[in-house]
*Asks:* 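Can you read through this structure? Questions will come right after.
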Protein chains: 2
Amino acid sequence: MARRGDTIELAVLGLLHEGPMHGYELRKRLNLMLGWGRVLSYGSLYPALKKMLRANLITEVVATTTPTTRRPRIVYEVTEAGNAEFNRLMSEVGPTAWEDGNFDIRFAFFSSTDMEIRLRVLEGRRSRLQERLARVQAELERTQAEVNRYAAELQRHGVESVEREVRWLSDLIQAERGGDVAPEATPSAATPSAASPTARTPGTTGAPAAND
Amino acid sequence: MARRGDTIELAVLGLLHEGPMHGYELRKRLNLMLGWGRVLSYGSLYPALKKMLRANLITEVVATTTPTTRRPRIVYEVTEAGNAEFNRLMSEVGPTAWEDGNFDIRFAFFSSTDMEIRLRVLEGRRSRLQERLARVQAELERTQAEVNRYAAELQRHGVESVEREVRWLSDLIQAERGGDVAPEATPSAATPSAASPTARTPGTTGAPAAND
DNA sequence: GTTAGCATGTAAGGAGTTACATGATTTT
DNA sequence: AAAATCATGTAACTCCTTACATGCTAAC
């Protein structure tokens, strides 16, 4: 069960999956990867690493590998159990995989999963956003008149952004289906590409989209 | 000093500014306004209201105003001190006004401020985003090769979203400067721009930047 | 020689969530 | 008559940030 807060754990496992690393570097990579405003603090990274150590998901090795006598850095490496856990977390489909804080990190490590999972997560995410869109638009029809200019503009802009992301997801889904593994290379993905903004994803997905 | 966590307070003051309301309704309006994924819980709203009561920013009135004998709802109203506090918070320019979690709510209540403040906040927000963009792009030049396809696509999409938001802000700034108070009416603003200040929702959005 | 960046941690506390508890009213 | 939604709260807990504490190393 991957509940809230396992975000850091998954991210760490994913990064270490690509090779051993020490805390400081881990943090930098993490901030670049899913930061966009959020900055992970040491006060949250180091305790998380300690916890993972205790759970045997990673091991620490003091590395004195440097030129003169650099301060010994503690290099972390995934254990087999850690890799198993990583795979387990990545294979999970369901709200935990496509909810706001969780989707990004899964997506970033998509290379380590197979297409089936990728599709389910992408479709789940898309359904989630479409639901939201529907709910907000329904709400707007009832409230519309009373909102002020700026609040309305904010709403409009928000809706547009979500619609945009839906299109992005649709393009990615198509690319996956088309066997085109590279998502960015296709110019089609960047430009128009179809997406049904409103239409709920057909039964295809196993995503009933449980809510709040 | 409006530090973190005054978000709810400002939002509540802003909503009550438009008229008295009870908790349940407050929560719904709030979620619609800046929800986009986040759902404010009662466990955070009611204690916040209690705190504001103690601080004399609002008063509560038990309203038995309903048809038969509906459960008495507690209607909140801003006090003079509350209005003063609202104005103080809205007049603050600086990071607190344009940082991620704070910008949206200020923007929604922009009608209650004057153009000078609005411009400063919009410009501050834009600078912030541009800084991030610059930092990320600089970072990407150094790291580029090693990232995998999906992580790279996430980055690309994130950068694009932020660039979109910058354009949106620029349009709004121009509209303010042009004396055109209505931001949405202008077809120029509606068509090309649009990013999402609010809709951080999409996993992609963020910007890693802001490391210490 | 001093600033900036590398590197690792801990303690206290804030902001908000989940889960619990309760009950009235409206809609189906 | 059941289900949904209105309506108000509290207690425990979680995740994360801030601020503190320490010291090395590279560059200017």
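The figures that follow rest on heavy atoms only: side chains count, while hydrogens, waters and symmetry mates do not. Lettering of chains follows the sequences in order, A, B, ..., and the numbering in each one begins at 1.
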*Asks:* Side-chain N or O of A:Ser44 less than 4.0 angstrom from OP1 or OP2 on D:dC15?
*Replies:* no
*Asks:* At under 4.0 Å between heavy atoms, what does B:Gly23 touch on the DNA or RNA strands: base, sugar-phosphate, or nothing?
*Replies:* sugar-phosphate
*Asks:* How close or far is atom C1' of D:dC15 from atom CD of A:Glu9, stated in whole angstroms?
*Replies:* 13 Å
*Asks:* Which residue, B:Tyr24 or B:Lys50, contacts DNA chain D at a nucleotide closer to its 5' end, judged by nearest heavy atom?
*Replies:* B:Tyr24
*Asks:* What is the distance, rounded to the nearest whole Å, between atom OH of A:Tyr46 and atom P of D:dC16?
*Replies:* 17 Å
*Asks:* Can you tell me how far P of D:dG9 sits from NE2 of B:His22, to the nearest Å?
*Replies:* 11 Å
*Asks:* Is the phosphate of D:dT8 approached by B:Tyr42 (side-chain N or O, under 4.0 Å from OP1 or OP2)?
*Replies:* no
*Asks:* Look at B:Arg135 together with B:Glu131 and state whether they make a salt bridge at an N to O cut-off of under 4.0 Å.
*Replies:* yes
*Asks:* Tell me the interatomic distance from B:Arg27, atom CZ, to D:dA7, atom P, rounded to whole angstroms.
*Replies:* 12 Å
*Asks:* Between A:His17 and A:Phe86, is the ring centre distance below 6.0 Å?
*Replies:* yes
*Asks:* Choose from D:dA7, C:dG9, D:dT10 the nucleotide whose nearest atom is closest to any side-chain atom of B:Arg73.
*Replies:* D:dA7
*Asks:* Could you check how far CD1 of A:Ile74 sits from C1' of D:dC24, rounded to whole Å?
*Replies:* 14 Å
*Asks:* If you measure from the Lys or Arg side-chain nitrogens to the Asp or Glu carboxylate oxygens, is any gap between B:Glu123 and B:Arg120 under 4.0 Å?
*Replies:* no
*Asks:* Whole angstrom is fine here: how far is it from CG in A:Leu40 over to C1' in D:dC16?
*Replies:* 9 Å
*Asks:* Under a 4.0 Å N-O cut-off, is there an ion pair linking A:Glu160 with A:Arg164?
*Replies:* no
*Asks:* In this structure, how many angstroms lie between the P atom of D:dT8 and the CD atom of B:Glu25, rounded?
*Replies:* 10 Å
*Asks:* Is B:Lys28 close enough to D:dT5 that one of its side-chain N or O atoms is under 4.0 Å from OP1 or OP2 there?
*Replies:* no
*Asks:* Tell me whether A:Glu85 is salt-bridged to A:Arg88, with the criterion being a basic N under 4.0 Å from an acidic carboxylate O.
*Replies:* yes
*Asks:* Within less than 4.0 Å of OP1 or OP2 of D:dC16, is there a side-chain N or O belonging to A:Ser41?
*Replies:* no
